[in-house]
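Accompanying notes for the structure given below.
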There are 2 protein chains.
Amino acid sequence: MTADSPARHTRQKDAVLRQLRECDDFVSAQDLHRRLDDEGVKIGLATVYRQLNALADSGAADTIRLDGQQLFRLCGDDGHHHHLVCRECGKTVEIDPPSEAWLRRIATSHGFTVESHTLEVFGLCPDCQKETAR
Amino acid sequence: MTADSPARHTRQKDAVLRQLRECDDFVSAQDLHRRLDDEGVKIGLATVYRQLNALADSGAADTIRLDGQQLFRLCGDDGHHHHLVCRECGKTVEIDPPSEAWLRRIATSHGFTVESHTLEVFGLCPDCQKETAR
DNA sequence: TTACCTGCAAACGCTTTGCATCATA
DNA sequence: TATGATGCAAAGCGTTTGCAGGTAA
């Protein structure tokens with residue numbers, strides 16, 4: 001571990017951070033890149049990956065893996081939460097995490113520490129229930 | 001949805017199933033393929049993937065995603081469970097699912113139904129805690 | 001001016017798929 | 001014999017990396 005990088009300020013870094021702040025949900029690198037592109041922001045996909053990984057490494061962003069791809073979200077704001085995902089249309093709703101005490105009790109009973117956890121609940125949202133009932 | 005496949009019995013299917021039974025931890029498809037190869041069992045990697053996916057689809061095997069690859073394990077019992085995963089060495093321990101009532105309460109409060117859920121808790125296992133403390 | 005950052009494209013690792021062949025039922 | 005299963009290799013997908021040129025400090 002040598003001296004850390006000067007952390008230069010760039011247009012692209014800003015764009016990634018800003019866009020990340022605008023999504024309150026997890027986004028994939030590709031998704032973020034597409035959103036920036038739609039906005040007219042010119043940025044390489046590799047740069048998006050590099051920025052997101054840097055944010056994740058520094059602890060500024062949270063990541064989860066879903067369905068083979070890595071999703072990122074700025075962390076630190078409102079504490080972490082999980083998602084209720086509609087299996088049909090993909091709509092997501094934030095839900096509160098399970099009790100930390102419960103997690104800790106389970107982990108420590110096996111001698112593990114708790115660093116992070118993921119929880120996702122899948123079902124049908126109200127709209128898709130209507131569709132299916134038809 | 002038409003009639004389902006006859007499910008033919010083959011040497012390869014047996015080999016995958018047997019090898020899977022021999023590991024008490026999660027294994028990747030590549031890992032399982034290598035183990036079979038070491039045993040002298042001739043089998044294509046694609047077949048291993050196909051068998052594992054078939055097992056997972058049918059509900060006979062559990063899968064988790066760790067570090068970019070999918071890991072499989074026979075799920076021994078009917079009731080489903082979750083995992084406590086060591087971030088360092090990958091060791092996993094089964095844990096009980098959160099209360100169904102809790103899940104249902106959360107989902108229905110948003111008008112969702114509950115079909116399935118995933119929960120993974122990451123931390124350090126006892127051995128890796130010692131390593132880190134060093 | 002320096003050296004970090006970027007963009008492009010090629011490389012990468014894991015997984016899936018097309019297709020001709022094999023073998024179970 | 002008929003058809004699902006297999007093996008091989010190529011394609012696919014998300015992600016990372018090498019390198020030449022760009023740009024903040």
Side-chain angles (χ1 to χ4, degrees), chain A residues 1-20 23 26-58 60-73 90 118, chain B residues 1-20 23 26-58 60-73 85 90:
Chain A
M1 209 183 296
T2 54
D4 45 70
S5 331
R8 201 163 284 185
H9 186 208
T10 66
R11 181 177 61 79
Q12 292 88 338
K13 187 172 299 183
D14 274 350
V16 168
L17 218 71
R18 181 182 49 69
Q19 185 56 249
L20 207 48
C23 330
F26 281 90
V27 268
S28 67
Q30 316 240 12
D31 202 7
L32 197 107
H33 179 250
R34 187 160 34 71
R35 292 186 193 209
L36 287 173
D37 201 52
D38 287 350
E39 275 186 347
V41 175
K42 289 294 180 200
I43 183 171
L45 180 55
T47 301
V48 173
Y49 274 104
R50 278 189 278 236
Q51 290 297 342
L52 289 175
N53 282 333
L55 288 169
D57 283 348
S58 76
D62 244 358
T63 77
I64 60 172
R65 240 171 220 290
L66 183 59
D67 208 41
Q69 58 181 23
Q70 193 154 17
L71 306 182
F72 299 81
R73 190 185 65 175
T118 68
Chain B
M1 206 184 293
T2 53
D4 44 70
S5 330
R8 203 163 283 186
H9 186 207
T10 65
R11 182 177 59 80
Q12 293 89 336
K13 186 171 299 183
D14 273 351
V16 168
L17 218 71
R18 183 181 48 70
Q19 186 58 247
L20 207 48
C23 325
F26 281 90
V27 269
S28 67
Q30 316 240 12
D31 202 7
L32 197 105
H33 179 250
R34 189 157 28 71
R35 290 186 194 209
L36 287 171
D37 201 52
D38 288 350
E39 273 186 347
V41 176
K42 290 293 180 201
I43 183 172
L45 180 54
T47 301
V48 173
Y49 275 102
R50 279 189 277 235
Q51 290 298 340
L52 289 176
N53 282 333
L55 288 169
D57 283 347
S58 76
D62 242 358
T63 77
I64 60 172
R65 249 175 211 289
L66 183 61
D67 208 40
Q69 57 181 26
Q70 192 156 19
L71 307 182
F72 299 80
R73 191 178 67 170
V85 183

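Heavy-atom basis, side chains included; hydrogens, waters and symmetry copies ignored. Residue numbering restarts at 1 for every chain, and letters A, B, ... go by the order of the sequence lines.
A distance of 13.5 Å separates OG1 of Thr47(A) from NZ of Lys42(A), quoted to the nearest 0.5 Å. Note that CG of Asp62(B) is 5.0 Å distant from CZ of Phe26(B), once rounded to the nearest 0.5 Å.
The CZ-P distance, from Phe72(B) to dC14(C), rounds to 13 Å in whole Å. Going from atom CZ of Arg8(A) over to atom P of dT23(D) covers 12 Å, rounded to whole Å. Atom P of nucleotide dC13(D) and atom CG of Asp31(A) are separated by 16 Å, given to the nearest angstrom. If you measure from atom CG of Leu36(A) to atom P of dG7(C), you get 11 Å, rounded to the nearest angstrom. Straight-line distance from the NE2 atom of His9(B) to the C1' atom of dA25(C): 12 Å, rounded to whole Å.
Residue Thr10(A) places no side-chain N or O under 4.0 Å from the OP1 or OP2 atom of dC4(C). Between Gln51(A) and dT6(C) there is a side-chain polar atom (N or O) within less than 4.0 angstrom of OP1 or OP2. Within the structure, every side-chain polar atom (N or O) of Gln12(A) is placed at least 4.0 Å from both OP1 and OP2 of dT23(D). Residue Thr47(A) has a polar side-chain atom (N or O) positioned under 4.0 Å from OP1 or OP2 of dG7(C). Residue Tyr49(A) places at least one side-chain N or O closer than 4.0 Å to OP1 or OP2 of dT15(D). For dT16(C), one of the phosphate oxygens OP1 or OP2 lies less than 4.0 angstrom from a side-chain nitrogen or oxygen of Asn53(B).
With the nearest nucleotide of DNA chain C identified for both Gly44(A) and Ala46(B), Gly44(A) has the one nearer the 5' end.
Side-chain atoms of Arg11(B) never come within 3.5 Å of backbone atoms of Val41(B) as a donor-acceptor pair (strictly under, hydrogens ignored).
Between the side chain of Arg50(B) and the base of dT16(C), no donor-acceptor pair of N or O atoms lies under 3.5 Å.
In terms of heavy-atom proximity, Ala56(B) sits nearest to Thr63(B) at CB-CG2, 3.6 Å.
Among the protein residues, Gln70(A) comes within range of the sugar-phosphate backbone only, with heavy atoms under 4.0 Å from sugar or phosphate atoms but none that close to a base.
Ionic pairing of Asp37(A) and Arg34(A) is not present here: no N-O contact between side-chain nitrogen and carboxylate oxygen is shorter than 4.0 angstrom.
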